[in-house]
Amino acid sequence: MQITINETRLISELEALAAISELEPPAITRIVYSDADRRAREWFRGLCDEAGLSVRVDAIGNVFVRWEGSEPELAAIGTGSHIDAIPHAGAYDGTVGVLGGLEAIRALQESGMKLRRPIELLLFTAEEPTRFGIGCFGSRLLAGTLDSGAGERLNDPDGATLNELRAAAGYKGTVESVRLPKDHYAGFVELHIEQGPLLEREGIPIGIVTNIAAPSGLRITIEGEGGHAGALLMPYRKDAFCAAAEIVLAVERSAKSTGAIDTCGTVGKCSIHPGAVNSVPSRVQMEVDVRDTDEARRDGVLARIREACADVAARRGVKVEIEVVNADAPAESSRTIVDAISQSADELGLPWKKMVSRAYHDSLFMARIAPMAMIFIPCRDGVSHRPDEYAKPEDIANGARVLAHTLAKLAQA
Ligand code: HGY
Ligand code: MN
Ligand code: MN
């Protein structure tokens, strides 16, 4: 049976979704539980209703779009990704996996195929860490790797808790009810842009992810002593931002010190108190992102950052507090699913290569409860998390084709 992806429909839907943003296109901002997030989800729900698919929404907003199989009691095959976007991001991170997944299911429906297993498309709530400081809390709660106390413990920069914000967005039920049983999915496949330059550089249209790197996040608070920028003389200062500057460089130095290309360290967020040009900074809060394909090597970097913080605190007479926001294990893809993807790409005459994902994805947590693998497509210059993020229509359509064939294989197994 012929599985036909409707490229025009898929691209026009990606463009329509890109227009639902807090910012003027091409910049996309779509933060979880924001008005743009709500409008995007309503729009997406309309597409699922048009396709005659059943939709379930859980207590934190994860959306499950189900196409029943001929044996509905069998564990489903899952696919999906996210539509939330960090500030000033692009139109393809996550959305290609959600709308590409919907297109794959519609193509399978239209092919007349009858598959044994149900197929479930997930729209995960909050893959990005923007609002609550931790990425993937939707898939973490589904997989049971985040305890349900997170409902009260996680709060946004304004102090609103996850429970308050999910209730305000209309999601009912307990956070405990989000967790899926371990055997809910027989397999999970996510389609995503590479967010790196390799596929485009090598002219290969399909990447098959064999490993997802181990992410970690730290929140570092530095308490010094503030004062007047003119009257507090240099020898008597405990400048929190100067201490922070040394720690930022220590993060970079620690990441580079492993000598491995897979080790990364970034300080992407920093706030200074009181934040006046003529006032010595008394408090700084920073968020640190450290990741590596090798968990032990990543933990070595975290240990060196802790040592550097203790040294800066002693030398500068400031207090440094470190909170570990997350320190997750890496994930290995399932050989069965990797083979199903490579066979599908071969059937379609599409060259492919196996590769590591240095970005984390909801698949990292779905791997805790199901055999998992990911399909990557090229993105221009490897750019992502920027308004000029771009993927070519034929690459997007090819990704959806490989996904549709892979889902069909797995749903017949
Ligand atoms: O940060 C990441 O790796 C993902 O894009 N949220
Ligand atoms: Mn992202
Ligand atoms: Mn993503």
Side-chain angles (χ1 to χ4, degrees), residues 14 17-18 21 27-32 36-37 40 62 79-101 121-140 145-146 188-199 207 209 211-218 255 262-269 287-293 295 298 325-331 355-367 372-379 382-391 396 399 403:
L14 280 164
L17 179 52
S21 161
I28 307 275
T29 297
R30 198 161 39 233
I31 308 297
V32 66
D37 182 40
N62 289 313
T79 186
S81 194
H82 62 99
I83 63 166
D84 63 312
I86 69 170
H88 297 278
Y92 300 90
D93 173 7
T95 56
V96 162
V98 175
L99 296 177
L121 167 64
L122 284 91
L123 182 161
F124 293 98
T125 275
E127 190 270 355
E128 299 294 2
T130 314
R131 188 152 198 180
F132 294 98
I134 183 169
C136 298
F137 79 75
S139 44
R140 288 172 190 270
T145 60
L146 185 62
F188 183 81
V189 195
E190 178 172 3
L191 171 63
H192 205 285
I193 55 172
E194 178 196 342
Q195 296 178 304
L198 301 181
L199 291 175
V209 172
N211 305 72
I212 303 177
S216 66
L218 302 177
D262 284 339
T263 316
C264 293
T266 315
V267 178
K269 260 179 107 169
E287 299 200 5
V288 184
D289 179 311
V290 176
R291 45 183 99 181
D292 196 320
T293 50
E295 189 174 4
R298 188 229 24 223
V325 176
N326 65 290
D328 302 292
M355 57 200 299
V356 163
S357 174
R358 295 188 172 90
Y360 60 74
H361 303 280
D362 292 302
S363 291
L364 176 68
F365 301 99
M366 295 307 283
M372 168 287 297
M374 292 185 73
I375 301 166
F376 271 177
I377 60 167
C379 54
V383 161
S384 182
H385 282 191
R386 280 180 10 193
D388 56 337
E389 178 185 90
Y390 178 74
I396 296 169
L403 177 63

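What you see is a predicted model; the values in this text were computed from it and never measured. Just follow the structure's listing: the first ligand is 1, and inside any ligand the first atom is 1. We number each residue from 1, following the sequence as shown.
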query: Just which atoms of ligand 1 are under 4.0 Å from any heavy atom in Ala359?
result: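 Result: 3 (O).
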query: Under 4.0 Å from any heavy atom of His385, which atoms of ligand 1 are there?
result: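 Per the distance check, 5 (O).
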query: Does ligand 1 have a heavy atom under 4.0 Å from the side chain of Glu128, from its backbone, from both, or from neither?
result: side chain
Residue part near ligand 1, for His361, under 4.0 Å between non-hydrogen atoms: neither
task: Identify, by name, the N, O or S atom of Glu128 lying closest to the Mn ion (ligand 2).
output: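 For Glu128, the N/O/S atom sitting closest to the Mn ion (ligand 2) is OE2.
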Do [X] and [Y] come close enough that some side-chain heavy atom pair is under 4.5 Å?
X	Y	value
Asn62	Leu123	no
Phe188	Ser139	no
Leu403	Val189	yes
Val325	Leu218	no

- request: Enter the distance from Leu17:CG to Arg30:CZ here, rounded to the nearest 0.5 Å.
  value: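 Between Leu17 CG and Arg30 CZ, I get 4.0 Å after rounding to 0.5 Å.
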task: Using only heavy-atom distances, determine whether the side chains of Asp362 and His82 contain a donor-acceptor pair under 3.5 Å.
output: no
query: Side chains of Thr263 and Asp292: is there a donor and an acceptor less than 3.5 Å apart?
result: yes
message: With respect to Glu127, determine whether any N or O atom, backbone or side chain, lies less than 3.5 Å from an N or O atom of ligand 1.
response: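 Such a contact does occur with ligand 1.
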- request: Say whether Tyr360, considering both its backbone and side-chain N or O atoms, lies within less than 3.5 Å of an N or O atom on ligand 1.
  value: yes
For atom 1 (O) of ligand 1, the protein heavy atom that lies nearest, with its residue and separation: Arg291 NH2, 3.1 Å
message: With rounding to 10 degrees, what does the angle Asp93:OD1 / the Mn ion (ligand 3) / His82:NE2 come to?
response: 90°
